[in-house]
2 protein chains.
Amino acid sequence: MDQRVLQATAVLRRHGYKLTKPRRLLLEWFYRRGEHASAQEVFDSLCRQGQEIGLTSVYRNLEVLVKVGLVRQICFHDGCHRYEPVAPGEHHHHLICSDCGQIIKFHGCTFDRELAERLEQETGFMVNCHQLQVFGTCKFCQQESATKRRTV
Amino acid sequence: MDQRVLQATAVLRRHGYKLTKPRRLLLEWFYRRGEHASAQEVFDSLCRQGQEIGLTSVYRNLEVLVKVGLVRQICFHDGCHRYEPVAPGEHHHHLICSDCGQIIKFHGCTFDRELAERLEQETGFMVNCHQLQVFGTCKFCQQESATKRRTV
DNA sequence: ATTCTAACTGAAAATGAGTTTCAGTTAGAC
DNA sequence: GTCTAACTGAAACTCATTTTCAGTTAGAAT
Ligand SMILES: [Mn+2]
Ligand SMILES: [Mn+2]
Ligand SMILES: [Zn+2]
Ligand SMILES: [Zn+2]
C-alpha cells in the first residue's frame with residue numbers, strides 16, 4: 001500500500017476509525033488524482049474505475065477525512081462543496097474567476113503567526129487553520145466581456 | 001428614505017435595475033439589521049415585521065444585490081449561504097468556531113496590493129476582492145471539550 | 001482461528017437550500 | 001395616462017446532502 005495511505009490509516013486509527021474499503025478508496029483516489037473534486041465527481045471517477053462504493057459512503061467518509069484533518073473542504077460558490085487532500089508542509093490558496101468558475105491555486109500566503117496570535121489574545125479562540133479565496137476575472141472572460149461590449 | 005438606501009438605489013439604477021418593494025425591503029433590512037444572515041433568516045425577520053415579501057424574491061434579489069456589489073455572499077460551512085452589506089471603506093474577515101459555528105468579525109487583514117499585483121501578473125486575472133476565513137475553537141467550546149475529556 | 005459486536009455499508013427515502021415556471025403586477029420611460 | 005419590459009410570488013421542481021434501516025465487516029477479545 002502507498003506510503004501516504006499507510007500514514008493516513010494511522011491517523012484514522014488514532015481517532016478511533018477503522019480502515020474500511022470506502023475509506024481506502026477515497027484516500028487512494030485523492031493521493032493519485034486530485035484536487036477540488038466534489039463528492040459526486042469522486043464517486044463518478046471511482047465508478048468509472050470499476051470500484052464498488054456507494055455515494056452515501058463517499059459523503060459520509062469525506063466528512064470523516066475532513067474531521068481527522070486528512071482532507072480539506074472548500075466552498076467555491078459553485079453549488080457544491082469541494083475537497084482536496086491536506087499535504088503536510090504545503091500551503092496554498094485559490095484564485096477564482098467569478099464569471100466561469102476557473103480555479104487557480106497560488107502560494108505565498110500573507111496570513112502570519114502574528115495575526116493568529118493577536119486574534120487568539122483578543123477573542124480567546126484557539127486558531128487552527130484558515131482559507132483565503134481571491135475572486136476576479138480570468139484572462140479569457142475579460143476578453144469575452146470586452147468583445148461583447150464592442151459588439152453590442 | 002435612508003441615505004444609504006438612496007445611494008444603493010442609484011447603484012441599482014446604474015446597473016439597469018428598478019427599485020422594487022422587495023429590493024427596498026432587503027436594503028432597509030441590511031442597513032438597520034445585519035450581518036451574516038441567510039436568505040431564510042432575512043425572510044423570517046421581514047415576515048415577523050409584518051412586511052409582505054416572497055421567499056423567492058429574497059433569493060432572487062440577494063443575487064441581484066451581490067451582482068451589483070451592494071451585498072457580499074459568504075460561506076461559513078453551516079449549510080447555507082450568508083449575506084452582509086458591503087460598507088465602502090470598511091474591510092473585515094471572519095473567525096469561525098469549528099465546533100459551535102460562532103462567528104466573530106475582525107479587522108487587520110494582511111492581504112495586500114503587492115500580492116494582488118503578483119497574482120495579476122502571474123495569472124492574467126483581474127483581481128476584484130477576497131475573503132478570508134480563520135477557523136478555530138472558541139473559548140466556550142475549548143472548556144466544553146476539556147470538561148468532557150475529564151468526565152470520560 | 002473463532003467469536004463477538006460496535007462500527008460500518010449502501011439502497012432507498014427524506015430533507016432542505018435554492019431555482020424555475022408562469023400567470024398576474026408594476027416601475028418608470030415615453 | 002399609456003405601454004411594456006422587468007418584476008413578483010405561489011407552486012412545482014432540482015439536486016446536494018442527510019437520514020433510515022437492514023445487512024455486513026474490521027478488528028478486539030477470547
Ligand atoms: Mn487547492
Ligand atoms: Mn462580517
Ligand atoms: Zn494561508
Ligand atoms: Zn482582507
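Here is how names work: the chains are called A, B, and so on, in the same order as the sequence lines, proteins then strands, and each is numbered from 1.
- Taken residue by residue, residues 47-63 of chain A places heavy atoms nearer than 4.0 Å to DNA chain D at A:Thr56, A:Tyr59, A:Arg60.
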For residues 43-59 of chain A, please give each side-chain donor-acceptor pair under 3.5 Å, one per line with the distance, not counting sequence neighbours.
{"unit_1": "A:Asp44", "atom_1": "OD1", "unit_2": "A:Gln40", "atom_2": "NE2", "d": "3.1"}
{"unit_1": "A:Ser45", "atom_1": "OG", "unit_2": "A:Trp29", "atom_2": "NE1", "d": "2.7"}

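- Between the NE2 atom of B:His81 and the P atom of D:dA16 there is a distance of 13 Å, given to the nearest Å.
- Applying the side chain to side chain contact (heavy atoms under 4.5 Å, CB included) rule to A:Asp99 yields the partners A:Cys97, A:Thr137, A:Cys141; only residues at least two apart in sequence or on another chain are considered.
- Nucleotides of DNA chain C nearest to B:Arg13 and B:Gln40 differ in position, and the one nearer the 5' end is that of B:Gln40.
- Residues satisfying the side chain to side chain contact (heavy atoms under 4.5 Å, CB included) test with A:Arg32, not counting sequence neighbours, are none.
- Taking all atoms of both residues into account, the shortest heavy-atom contact from A:Phe106 to A:Leu132 is CZ-CD2, 4.1 Å.
- Summarising the geometry, the separation between CZ on A:Arg82 and C1' on D:dT17 is reported as 15 Å, rounded to the nearest angstrom.
- For the side chain to side chain contact (heavy atoms under 4.5 Å, CB included) test, residues two or more places apart in sequence or in another chain that qualify with A:His77 are A:Cys75, A:Phe135, B:Gln73, B:Cys75, B:His81, B:Gln131.
- Ranked by how close their nearest DNA chain C nucleotide is to the 5' end, A:Pro22 and B:Gly79 are led by A:Pro22.
- You can see that DNA chain C meets the heavy atoms of chain B within a 4.0 Å-exclusive cut from C:dA17 to C:dG28, reading 5' to 3'.
- Atom-to-atom, CD of A:Glu41 to P of D:dA16 comes out at 10 Å; the value is rounded to the nearest Å.
- Under the 30°/60° scheme for interplanar angles, the aromatic rings of B:His130 and B:His91 are found to be tilted.
- Using cut-offs of 30° and 60° for the angle between ring planes, the B:His92 and B:His107 rings count as tilted.
- Atoms CG and NZ, on B:Leu26 and B:Lys21 in that order, are 12.0 Å from each other to the nearest 0.5 Å.
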